[in-house]
Number of protein chains: 2
Amino acid sequence: MHIDSDSPARRIAADLRADIASGQLPPGGKLPSVRDLAERYEVSRTTAGKALILLKTDGLVTTRHGSGAYVRESHPIRRLGPERYARHHWEQTTVRAFATEAPESEAAQQQGHQTQEVSLVPADEPVATALGVEIGSPVYERARVVTREGNPTHTMTSYYRSADVEGTPLVDPSPGIAGQGGGFRVLADKGLAPHEITEDLCARMPTAEETLLLDLPPGEPVVELRRVTRTADGQVVEYARGVHAASRFVWSYTFAIPD
Amino acid sequence: MHIDSDSPARRIAADLRADIASGQLPPGGKLPSVRDLAERYEVSRTTAGKALILLKTDGLVTTRHGSGAYVRESHPIRRLGPERYARHHWEQTTVRAFATEAPESEAAQQQGHQTQEVSLVPADEPVATALGVEIGSPVYERARVVTREGNPTHTMTSYYRSADVEGTPLVDPSPGIAGQGGGFRVLADKGLAPHEITEDLCARMPTAEETLLLDLPPGEPVVELRRVTRTADGQVVEYARGVHAASRFVWSYTFAIPD
DNA sequence: TAGTGGTCTAGACCACTTC
DNA sequence: AAGTGGTCTAGACCACTAA
């Protein structure tokens, strides 16, 4: 009753927000046009447009240029816990190649899809520190964009010491390694079975590049994930960093209280 | 070279962003005024102002109404791992009251400070589910806003089954329990020593209320934390939820890869 | 009091979508 | 071709800050 009711633009936004909350404007539903709003509230089109901007930055509304403004569909939320790395996900699997498989096959669309690029790059500072190599020395970079139901959900880029993965399917650029845990499988085959993971998370607003890549609606934050994977000996075998569209994930961790 | 160089407003923002990145505009430094920019770039004041809005939503710049626009100071980042719950933080400590202590004493300011309110409230759905009580039944709510160096950094609200904490210092409204782990200490004293924690994290944009409470600059996301604390028996003794200013924290978790 | 950011109007043009 | 969001101008007023 005190905030949000000040300026005309905020007032209009508040009214629309209420309509959305009440379900009167359902997800996917079309909002009144800027010109409609301007007339109805007796304000300039600029001001009515401002209301839409406010709702966009709230993440409540998406606009399609030339078409209209729509109530944002809420995406299904995926819960991310340590189980996603579980051994049975990758230990039993054969290393599959997705070679000539049509990328829009039904299964691929449902299951999720990932594009992938592998290349040898000089290690930057965080990568070098994590992998214990010198800055600038060559490491394998495996960059992927993961898509689910047609929407890109996150990027993930892994780095490996070149000696660890040289000659494995991982670095063979032609077929590529399919899906989940392919990297872990390859490491295990080389006698470097992953055993422990440290994940660092932070949230921030996306860069312009990330907004394009992940097709983020304005006002949606991202979560940056940095992951260090070690063997039972404590040797680091993978360093990875990724960017997730915040609204599509919940992270969950369970741990014993330390002494 | 392709993004960000389109409209005049974006062009101005890009120039300023470059000045910030290069250090020519240092953190805390004052940006040119809207009227300056308008004249220099030969655009309307509205457009020059738009550039500032873009930088604000990027989180790069803060504005002080009537004073100017300033490059945002980057806050020291606190790393949050399971160690912050370590037993030695609360097991040995006496339960201190902060009674008549001046809230702006030097130590309090440095160490951080928290306001606190305890009350008996009806359990809402998530609280009831977590604590295993019926919706609407009375539970103790302990709400606090944590401040560090004069800036509010996060809120945290804990819920306890009323039988578990009845008659303890926790629910005594007059003195209040000081600082870290006071709640855990009290539970341990009642034979309900916390043993295991599950934390769920998600990132989103703040509500208007949160923006005020945490004094968030526009464009800064928050991380919502939900925490379930259990004894060694698996009994839930605390459910808590909090909202953190995203830019001031990194979360870190280490775990063994499950089977 | 002078300078600042914030917001508004009224009208214009553009780029895009839909039919 | 009609309707849409996006952006811009030029000028106005307000609320706030600082000297």
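Letters A, B, ... mirror the listed sequences (proteins, then strands); counts begin at 1.
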Give a yes/no on whether any side-chain N or O of B:K56 is located under 4.0 angstrom from OP1 or OP2 of C:dG6.
yes
Atom pair CG/CD1 of B:D15 and B:I20 - distance to nearest 0.5 Å
11.0 Å
Please check the phosphate of C:dT7 (OP1 and OP2 only) for any side-chain N or O of A:S7 closer than 4.0 Å.
no
Are the side chain of B:R227 and the backbone of B:L225 linked by a donor-acceptor contact shorter than 3.5 Å?
no
Is the shortest heavy-atom distance from the side chain of A:T153 to the side chain of A:H244 under 4.5 Å?
no
Kindly state which residues belonging to residues 42-55 of chain A come within less than 4.0 angstrom of DNA chain D, counting heavy atoms of the residue only, listed by number.
A:T46
Does this structure show an ion pair linking B:E224 with B:R241, if we count only N-O contacts that are shorter than 4.0 Å?
no
Could you point out which residue of A:L16, A:L31, A:L60, A:L55 forms a side-chain contact (heavy atoms from CB on, under 4.5 Å) with A:V71?
A:L31
Please check: side-chain N/O of A:S252 versus main-chain N/O of A:G81, any donor-acceptor pairing under 3.5 Å?
no
If you check every side-chain atom of B:R35, which of C:dC8, C:dT4, C:dT7 has the closest atom?
C:dT4
Return the value, rounded to whole Å, for the distance between atom CG of B:D36 and atom P of C:dT4.
6 Å
Length of the line joining A:L37:CG and C:dT9:P, which is rounded to integer Å
13 Å
If I compare all heavy atoms of B:L54 with all of B:T57, which pair ends up nearest, and what's the gap?
O-OG1, 3.1 Å
List, with names and distances, any nitrogen or oxygen atoms from the protein found under 3.5 Å away from nitrogen or oxygen atoms belonging to nucleotides 15-19 of chain C.
unit_1, atom_1, unit_2, atom_2, d
C:dA15, N3, A:H65, NE2, 3.1
C:dT17, O4', A:G66, O, 3.3

Between D:dT7 (P) and B:Y41 (OH): distance, integer Å
18 Å
How close or far is atom P of D:dG11 from atom CD of B:E39, stated in whole angstroms?
14 Å
Working for side chain to side chain contact (heavy atoms under 4.5 Å, CB included), residues B:L201 and A:V250
CA-CA 6 Å; B:L201 299 173; A:V250 175; over 6 Å; no
Salt bridge (Lys or Arg N to Asp or Glu O under 4.0 Å) pairs, two or more places apart, involving residues 64-77 of chain A
A:R72-A:E220
Rounded to the nearest angstrom, tell me the gap between atom CZ in B:R10 and atom C1' in D:dT7.
9 Å
